[in-house]
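Notes for the one structure printed next.
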Amino acid sequence: MRRADRLLQIVQLLRRHRGPVTGDAMAEELEVSVRTLYRDIVSLQSTGVPIRGEAGVGYVLDEGYDLPPLMFNSDELEAVMMGLRHVQVRGDEQLIRTASDVIAKIAAVLSPEARDEFIEAPLYAPDFGMEPIPTAHIELKDVRHAIRGQNKLRISYADAQGELSERLIWPLSLTFFAQSRMIVAWCELRQDFRAFRTDRVEHMEVLEERYRENRVALRDRWWKMEVARREKEAAEKAGSQVAMK
């Protein structure tokens, strides 16, 4: 790795972390010696990059500092294109158009060499053999807007047997699976987290009323519960397999 690329990677690494990062951890990720890492940090500090900390304690990047836009290396360009190609395959109509717009905007400001690397990135997200995603009766862009604004949704939802129920939910995320799309939300009726298939939402109304609890905190709480549930199921499955033997 060129030294200029490594200096950029140090800044990027620090931006990913909210707390201090030790020199040992950074050196291991960058595959350089700790001595080289410390020398690079001193070099960055001398050019005005606001890195705080010291050897043996850890380093942080002060808030407010940013890099010039679109300074991507090859791996980053491939990662961006991989994500955009996946959206083009499995996203809803608006997201598919938006992904194409993003590709055009990024390509327009890259150097000719980087542009070719970006457009011709050898990573793909084919959907061979996948069944079509069931059509939703609602506008998914309205769900995304409600998530951003923390607006409550009133929905009419049909379960697997076709039974309708009225729900007031706090939308937290929109999840795109290979063969379905789900709204992860807090359900006021069940007083618990629930996932609602978008193709089973018969009617939806975006309310002016907002839920007060931070959606990121709620989503983190849901994810911890989901991980615990999956771990419990895996342990029970492993236990049953041992018992069968």
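In this chain, residues are counted from 1 in sequence order.
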Check your understanding: Taking NZ, NE, NH1 and NH2 as the nitrogens, is one of them in E233 or R230 under 4.0 Å from a carboxylate oxygen of the other?
Key -> no
Exercise for review: Taking only Lys NZ, Arg NE, NH1 and NH2, and the carboxylate oxygens of Asp or Glu, determine whether D199 and R197 approach each other closer than 4.0 Å.
Suggested key: yes
Exercise for review: Look only at the side chain of Q150 and the backbone of R215, and say whether a donor-acceptor pair between them is shorter than 3.5 Å.
Suggested key: yes
Practice item. May I ask you to decide if I51's main-chain N or O and Q45's side chain share a donor-acceptor pair within less than 3.5 Å? Key: yes
Point to revise | Gap between atom CE of M204 and atom NE2 of H137 - 0.5 Å precision | key: 12.5 Å
Exercise for review: Treat each ILVMFWY residue as a node, draw an edge where side-chain heavy atoms are under 4.5 Å apart, and state whether W186 and L168 are in one component.
Suggested key: no
Point to revise | Residues R97 and Q94: side-chain donor-acceptor under 3.5 angstrom | key: no
Check your understanding: What distance do D40 atom CG and L8 atom CG have between them, rounded to the nearest 0.5 Å?
Key -> 12.0 Å
Practice item. Look up atom CG in L37 and atom CG in D24, then write down how far apart they are to the nearest 0.5 Å. Key: 8.5 Å
Check your understanding: For E93, does the CD atom have more than 12 heavy-atom neighbours from other residues, nucleotides or ligands under 6.0 Å away?
Key -> no
Review point. Does atom CZ of R16 have more than 12 heavy-atom neighbours from other groups under 6.0 Å away?
Key: yes
**Study point:** Connected via hydrophobic side-chain network under 4.5 Å: L174 and I96
**Key:** no
Check your understanding: Under 3.5 Å, side chain of Q191 to main-chain N/O of E188, donor-acceptor pair present?
Key -> yes
Review point. Are L14 and V60 co-members of a hydrophobic cluster defined by side-chain heavy atoms under 4.5 Å apart?
Key: no
Check your understanding: Any sub-3.5 Å donor-acceptor pair from R200's side-chain atoms to G162's backbone N or O?
Key -> no
Exercise for review: Rounded to the nearest 0.5 Å, what's the gap from CZ on R210 to CD on E208? Could you check?
Suggested key: 7.0 Å
